[in-house]
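Here the structure comes first, spelled out in structure tokens, and everything after it is commentary.
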Amino acid sequence: METVVSGIRPTGNLHLGNYFGAMKNFLKMQNENNCYFFIADYHSLTTHPTPGDLHGSVKQVLAEYLACGLDPEKATIYLQSDVREVTELYLLLNMNAYVGELERTTSFKDKVRKQPENVNAGLLTYPVLMAADIIIHNAAKVPVGKDQEQNLEMARKFARRFNNMYKVEYFKEPQPYNFGEALIKIPGLDGTGKMGKSEGNGIFLIDDEKTLKKKVMRAVTDSGPTEMNSKMPEPIQNLFTLMDVVSEKSTIEFFKEKYASCEIRYGDLKKQLAEDINAFVDPIREKINDIKSNDAYLRKVAMMGAEKARESATKTVKDVREIIGFKPF
Ligand code: TRP
């Protein structure tokens, strides 16, 4: 069993794209690997949340992941800030992270451009903290999207540099987790492209029935097919892709036939799709709310996770201190 680490930023809510994407992968990983999943709450301080917002978003994201099936019996689920050893490893790694290479990171340059009023040192050293998160458990694999590949590459670099500096083979160089089969890409409701949180085209697991209906009814369509058996343009295909994951086969067939014979009414299709999405997310939404109102359960999950994560982190930091030369008299 390989050790896998993944950090979850406590920002935004899960949408259907996340559910059928990253979440499906997490559920698979937790069955097959020794997984550490944590809420990256130290990282989120770079954006200066208020204490209330910080706590609220950590709770929300934890409840959503648990409701989707992340299992504290299978994986170690914890809050980053509960494992202080991470901050010590971060400090130690900082001594060997060069300002020049950190300044050249794409995500840092992006932040400098987008928020010149808050270019704090935490942003600069974000990849160092992320490396500490990963190598503190000596992870072999990290599931990463395109936007995190460079950060993972830096984690490898910092791990290698430590090994070279102290002439040890202590840290593994963490590799990207490869998922075998390709996942279904969930499209957004705006005609083209996939569902995303910044695109404003998402259906969130916590959207109530009314919100969800409104979003689906506003989805982009066209004026309808004019020729029998014509090929569907992307916006229409997208509605069918959504149906594929939430609707009955017979429902999908019914609307496909209507489309082929040019008798389709997009209003009817959307109404059905909204109903089916609602039926699909309803139990998840209910579970999120149940978990959110159960502080005792959340506390138990967090405590259990912190204990397991600290066990592995403490061992690493102890070894690293020894390798570096901190020795008791
Ligand atoms: N940087 C990641 C993101 O923005 C979150 C993260 C923090 C992370 N530490 C990590 C991911 C360690 C994987 C491993 O999504």
Side-chain angles (χ1 to χ4, degrees), residues 2-15 17-19 21-23 25-26 28-30 33-49 54 57-58 60-62 64-65 70 75-91 93-94 97 102 105-111 114-115 120-159 171-179 196-198 305-306 308-309 312-313 316:
E2 282 184 320
T3 298
V4 173
V5 168
S6 188
I8 301 154
R9 260 175 311 165
T11 51
N13 299 105
L14 287 172
H15 52 64
N18 302 132
Y19 184 85
M23 188 54 71
N25 287 338
F26 275 34
K28 189 158 169 264
M29 278 188 296
Q30 73 178 356
N33 301 279
N34 174 29
C35 287
Y36 292 88
F37 296 130
F38 67 94
I39 316 286
D41 52 359
Y42 280 138
H43 280 288
S44 69
L45 296 184
T46 55
T47 60
H48 301 169
L54 176 66
S57 51
V58 168
Q60 181 69 31
V61 86
L62 182 57
E64 289 193 10
Y65 275 76
L70 224 59
T76 303
I77 302 166
Y78 63 101
L79 308 190
Q80 184 186 31
S81 62
D82 277 338
V83 182
R84 318 259 168 110
E85 289 76 15
V86 168
T87 62
E88 183 168 354
L89 185 58
Y90 165 62
L91 178 142
L93 293 177
N94 265 325
L102 296 172
T105 314
T106 320
S107 50
F108 180 70
K109 288 195 288 194
D110 271 0
K111 296 283 183 207
K114 286 190 194 143
Q115 50 177 69
N120 59 67
L123 274 179
L124 183 69
T125 57
Y126 187 108
V128 187
L129 181 54
M130 181 158 158
D133 293 329
I134 297 167
I135 69 178
I136 201 147
H137 303 302
N138 219 348
K141 298 269 164 73
V142 181
V144 282
K146 266 254 159 295
D147 64 324
Q148 296 298 315
E149 276 172 6
Q150 191 178 29
N151 284 340
L152 183 58
E153 197 182 309
M154 295 185 76
R156 280 197 289 277
K157 197 190 271 183
F158 298 141
F171 288 119
K172 283 194 190 73
E173 292 182 29
Q175 304 298 321
Y177 192 102
N178 273 327
F179 298 98
K197 66 173 152 218
S198 44
K308 280 199 277 175
S312 142
T316 305

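Just so it is clear, the structure is predicted and the values come from calculations on it, not from any experiment. Read the numbers this way: they start at 1 and go in the same order the structure lists the ligands and their atoms.
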Backbone N/O of Thr46 and side chain of Asn120: donor-acceptor pair under 3.5 Å
yes
N/O separation below 3.5 Å, Asp133 to ligand 1:
yes
So, does His15 use its side chain to make a donor-acceptor pair with the main chain of Gly17 at under 3.5 Å?
yes
Nearest non-hydrogen contact to atom 8 (C) of ligand 1 from the set Gly7, Ser107, Pro143 belongs to Gly7
Side-chain donor or acceptor of Gln150 paired with backbone N/O of Thr106 under 3.5 Å:
yes
Nearest-option assignment for atom 15 (O) of ligand 1, heavy atoms, candidates Gln80, His137, Arg9
Arg9
Quick one: does Tyr126 get an N or O within less than 3.5 Å of an N or O on ligand 1?
yes
When you compare the side chain of Glu64 with that of Asn18, does any pair of heavy atoms fall below 4.5 Å?
no
Of the side chain and backbone of Tyr42, name the one, both, or neither that has a heavy atom under 4.0 Å from an atom of ligand 1.
neither
Quick one, Tyr126 and Ser107 - any side-chain contact, counting heavy atoms below 4.5 Å?
no
Location of contacts on Ile8 toward ligand 1, heavy atoms closer than 4.0 Å
neither
Sub-4.5 Å side-chain heavy-atom contact between Tyr65 and Phe37
no
For ligand 1, which atoms have a heavy atom of Val142 less than 4.0 angstrom away?
13 (C), 14 (C)
Taking only heavy atoms of His43 into account, list the atoms of ligand 1 that are under 4.0 Å away from them.
7 (C), 9 (N)
Shortest protein contact, atom 2 (C) of ligand 1 (heavy atom only)
Gln148 OE1, 3.4 Å
Any atoms of ligand 1 less than 4.0 Å from a non-hydrogen atom of Phe38? List them with their elements.
9 (N), 10 (C), 12 (C)
Rounded to the nearest 0.5 Å, what separation is found between the OH atom of Tyr177 and the NZ atom of Lys28?
5.5 Å
